Amino acid sequence: METKYIFVTGGVVSSLGKGIISSSLACLLNAHGYRVTIQKFDPYINIDPGTLNPYEHGECYVTEDGHEADLDLGHYERFTNVPTSRANNVTTGRIYQNVIEKERHGDYLGKTVQIIPHITDEIKRNVKLLGDTGKFDFIITEIGGTVGDIESLPFLEAVRQLRWELGDSALCIHLTYVPYLHAAKELKTKPTQHSVKQLQQLGIQPDVLVLRTEHDIPEGMRAKIAQFCNVAKDAVIQSLDCPSIYEVPLMLHSQNMDEIVLRKMHVPVYGEPLLKPWLDFVEKINTAEKEVSIGLVGKYVELQDAYKSINESLFQAATYCHHKLNLKYIHSEKLTEENVEEMMADLDGVIIAPGFGNRGIEGKFVALKWCRENDVPTFGICLGMQCMVIEFARNVLGYKDANSTEMNPNTSHNVIDMMEEQKHISDMGGTMRLGAYDCRLATGSLVAEAYGRTDISERHRHRYEFNNSYREEFEAAGMRCSGVNPKSGLVEVVEIPGKRWMVGTQYHPEYSSTVLNPHPLFMSFMKAAIKYQTEKEGLTTNS
């Protein structure tokens, strides 16, 4: 079948959840048997989110081919079970970079380079890249920002042109907000009408409207919106707040959104979508009764999007273990030897979060020392794994000044050091060790048992590594280097076999955990946390 293109735009306010709506629709189309992928076009000038502070943009997601991407790509993968790539996330910066490089190369043959047609043509070329591969039936393109933003205009103009060029093979979904005024006790449709009018002024008529709301929108009000916005009545879909984002596909399906989209694009609908695995997962969410308490120690805990993939991986693992997740955020800057017992005593497991820089690092060492001495299941990810190594060097090997050269370039025990190939790099963006790399796990190790195999591939985002000159000392003292890159010898995984569950990974397993395939390490960690909880309850009962 010819590739179909679906464009998702947003209006009224930002952060309405275009990524979740796009992911939910992709999930439904997948369940109908179609091959679907999603891409995000972001109207900021950064080449990618790799140099953005998490306070600015939340988590930086990494694709298998080593692209630093918007966090929405994590939602795309979790909902579709389909890996994304560099082609799935494009920014204004990358569009302009491509156009300028072509101009410098002389590709425009002396013509004046302009927004239209050169920038819009480059946007259109990128929109269609994934479709040109022949791998997908549907390409869903989410346009970042809000209609009315100046920076979004070239993207929306490209969408307008593509709508005409692609004909029935293109469709536009517009997500807006219907606010509820508590003083008047009324839902208000005017913001949606104005948002659609702005879109129409740009030459784009939405085919489907999705109304984000906290209150049920009466049928008469939806009919009014349909009339004023030139949209078919049955194509006005409400998106009520759900207890979990994983219920959104089911809510949209209950309003026949998938069938409406297929019908409007002249694609046959053969019966109901195969949603049983998804329904089973949601049922597990809704029937879980017992809680498991996990602490996440990091320096961005006031901004939970900074750890979005970790949060969702933990939620998925807890759900499959028939537990509710009670996730406690612990600010590493506020963690000290004096308060660590008070802040962490009630936890069943602890995650030491990834990150960069010196801020909050000593709090992570305090947390790790307490977890190791109290034998609490602990999972260190990237910098969290490096901190695990440093804490062990300080308090077990006795190297009191042990550190990473990232934190202290003059440390006499650089148990974590910059990778050799990183030492002569000056540019910050896109220059780390990025993307999927192979790892060989030691036979009989905890991690090999979790994966059920010894050869794996996982995604990376780092500059510093375990210093192999210390490896023998660590292993003699009880820390096993149980995962190594077979080509470079880079230590990817450490664990302490004498503990309940104490593992550190240089890679980011959270990037490859999905709803239908929760990551085996998160599952193993969660089972260990639940087992520890049961042991504590047994001790309490016996006492």
Side-chain angles (χ1 to χ4, degrees), residues 297 350-355 361-420 422 433 437-451 454 456 458 460 462-509 521 524-525 528:
V297 180
V350 174
I351 297 278
I352 307 298
I361 200 78
E362 293 298 326
K364 290 184 178 181
F365 298 145
V366 168
L368 282 161
K369 181 172 184 285
W370 184 88
C371 288
R372 182 177 53 79
E373 291 178 346
N374 289 276
D375 200 5
V376 177
T378 307
F379 194 174
I381 299 174
C382 198
L383 179 62
M385 172 267 202
Q386 295 175 3
C387 289
M388 191 176 285
V389 169
I390 295 165
E391 187 279 325
F392 193 89
R394 289 183 180 183
N395 298 310
V396 177
L397 298 181
Y399 299 143
K400 295 302 179 185
D401 71 331
N403 216 326
S404 165
T405 50
E406 179 185 10
M407 314 305 166
N408 178 10
N410 301 315
T411 177
S412 58
H413 292 289
N414 55 333
V415 293
I416 302 294
D417 202 2
M418 181 173 277
M419 303 179 73
E420 194 60 39
Q422 292 286 318
R433 187 173 190 250
Y437 287 85
D438 292 335
C439 177
R440 183 154 295 150
L441 306 177
T443 302
S445 62
L446 190 155
V447 284
E449 182 184 338
Y451 280 95
T454 54
I456 62 168
E458 294 281 6
H460 291 249
H462 64 105
R463 295 187 193 278
Y464 293 81
E465 65 172 319
F466 180 93
N467 188 338
N468 269 321
S469 61
Y470 287 90
R471 181 170 173 175
E472 286 187 13
E473 288 183 70
F474 274 91
E475 296 204 316
M479 178 176 276
R480 185 180 187 184
C481 297
S482 55
V484 177
N485 181 282
K487 290 183 179 178
S488 67
L490 170 71
V491 172
E492 306 269 22
V493 186
V494 297
E495 61 183 67
I496 304 180
K499 300 298 179 183
R500 284 187 175 90
W501 204 100
M502 198 157 199
V503 174
T505 63
Q506 183 60 76
Y507 54 76
H508 289 261
L521 270 189
S524 178
F525 168 70

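Values in this document were obtained by computation on a predicted structure and should not be read as measured data. All residue numbers refer to positions in the sequence shown, counting from 1.
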**Ser404-Gln386 side chain donor-acceptor pair, cut-off 3.5 Å** = no
**Message:** If you apply the rule side chain to side chain contact (heavy atoms under 4.5 Å, CB included), what do you find for His413 with Asn403, and how did you get there?
**Reply:** CA-CA 6 Å; His413 292 289; Asn403 216 326; over 6 Å; no
**Prompt:** Is the count of non-hydrogen atoms from other residues, nucleotides or ligands lying under 6.0 Å from Glu373 atom CD greater than 12?
**Reply:** yes
**Prompt:** Do Val503 and Val493 have side-chain heavy atoms sitting under 4.5 Å apart?
**Reply:** yes
**Message:** Check whether Lys499 reaches the backbone of Arg372 with its side chain - one donor and one acceptor, N or O, closer than 3.5 Å.
**Reply:** yes
**Request:** Test Thr454 against Thr443 for side chain to side chain contact (heavy atoms under 4.5 Å, CB included), laying out the working first.
**Result:** CA-CA 7 Å; Thr454 54; Thr443 302; 4.1 Å; yes
**Request:** Might you point out which heavy atoms bring His462 and Cys382 nearest each other, and give the distance in Å?
**Result:** CB-SG, 3.9 Å
**Prompt:** About how many Å separate SG of Cys387 and CD1 of Ile352, when rounded to the nearest 0.5 Å?
**Reply:** 7.5 Å
**Any side-chain donor near an acceptor of the partner, Glu475 and Tyr470, under 3.5 Å** = no
**Prompt:** Can you find a pair of side-chain heavy atoms, one from Asn485 and one from Cys439, that are under 4.5 Å apart?
**Reply:** no
**Request:** Working to the nearest 0.5 Å, report the span between CG of Asn408 and CD1 of Ile390.
**Result:** 10.0 Å
**Asked** Between Gly380 and Met388, what is the shortest heavy-atom contact and its length?
**Response** N-CE, 3.7 Å
**Asked** Quick one: do the Glu492 and His460 side chains pair a donor with an acceptor below 3.5 Å?
**Response** yes
**Asked** Is Glu449 atom CD crowded by more than 12 heavy atoms from other residues, nucleotides or ligands, each under 6.0 Å away?
**Response** no
**Minimum side-chain heavy-atom gap Val447-Glu495 below 4.5 Å** = yes
**Item:** Over all atoms of both residues, closest heavy-atom pair of Asn467 and Ser469
**Value:** OD1-OG, 2.7 Å
**Prompt:** Is any side-chain heavy atom of Met479 less than 4.5 Å from a side-chain heavy atom of Met502?
**Reply:** no
**Asked** When rounded to the nearest 0.5 angstrom, what distance separates CZ in Arg394 from CG in Leu397?
**Response** 12.5 Å
**Asked** Taking all non-hydrogen atoms of both residues, which atom of Ala402 and which atom of Val415 are closest, and how far apart?
**Response** CB-CG2, 4.4 Å
**OG1-CD1 distance between Thr378 and Ile496, expressed to the nearest 0.5 angstrom** = 8.5 Å
**Near-ring test Tyr437/Tyr507, centroid separation under 6.0 angstrom** = no
**Asked** So, Trp501 and Ser524: side-chain donor and acceptor under 3.5 Å apart, yes or no?
**Response** yes
**Request:** Side-chain contact test, heavy atoms from C-beta onward, threshold under 4.5 Å: evaluate it for Ile381 versus Pro509 and give yes or no.
**Result:** yes
**Asked** Where do Ile351 and Val297 land on the side chain to side chain contact (heavy atoms under 4.5 Å, CB included) test, with the steps shown first?
**Response** CA-CA 6 Å; Ile351 297 278; Val297 180; over 6 Å; no
**Prompt:** So, the side chain of Lys364 versus the backbone of Ala353: is there a donor-acceptor pair under 3.5 Å, distance only?
**Reply:** yes
**Interatomic distance, Phe474 atom CZ to Phe466 atom CZ [nearest 0.5 angstrom]** = 5.0 Å
**Request:** Apply side chain to side chain contact (heavy atoms under 4.5 Å, CB included) to Asn468 and Val491, showing your working.
**Result:** CA-CA 8 Å; Asn468 269 321; Val491 172; 3.3 Å; yes
**Request:** Can you establish whether the number of heavy atoms outside Arg500 located under 6.0 Å from its atom CZ is more than 12?
**Result:** yes
**Request:** Determine whether Leu521 and Phe379 make a side-chain contact, defined as any pair of heavy atoms from C-beta on separated by less than 4.5 Å.
**Result:** yes
**Asked** Does a donor on one side chain sit under 3.5 Å from an acceptor on the other, for Asn414 and Thr405?
**Response** no
**Message:** To the closest 0.5 Å, what do you measure between CD (Gln506) and NE2 (His508)?
**Reply:** 7.5 Å
**Message:** Could you check whether any side-chain heavy atom of Leu368 comes within less than 4.5 Å of a side-chain heavy atom of Cys371, counting everything from C-beta outward?
**Reply:** no
**Item:** Distance-only side-chain donor-acceptor flag, Glu458 / Tyr451, under 3.5 Å
**Value:** yes
**Complete:** Correct closest heavy-atom pair for Tyr464 and Ile416 would be CB-CG2, 3.8 Å
**Asked** Under the salt bridge (charged side-chain N to carboxylate O under 4.0 Å, His left out) criterion, do Arg463 and Glu406 qualify, and how do the steps go?
**Response** CA-CA 9 Å; Arg463 295 187 193 278; Glu406 179 185 10; over 6 Å; no
**Asked** If you look at every heavy atom in Thr411 and Asp401, which pair is closest and at what distance?
**Response** OG1-O, 2.7 Å
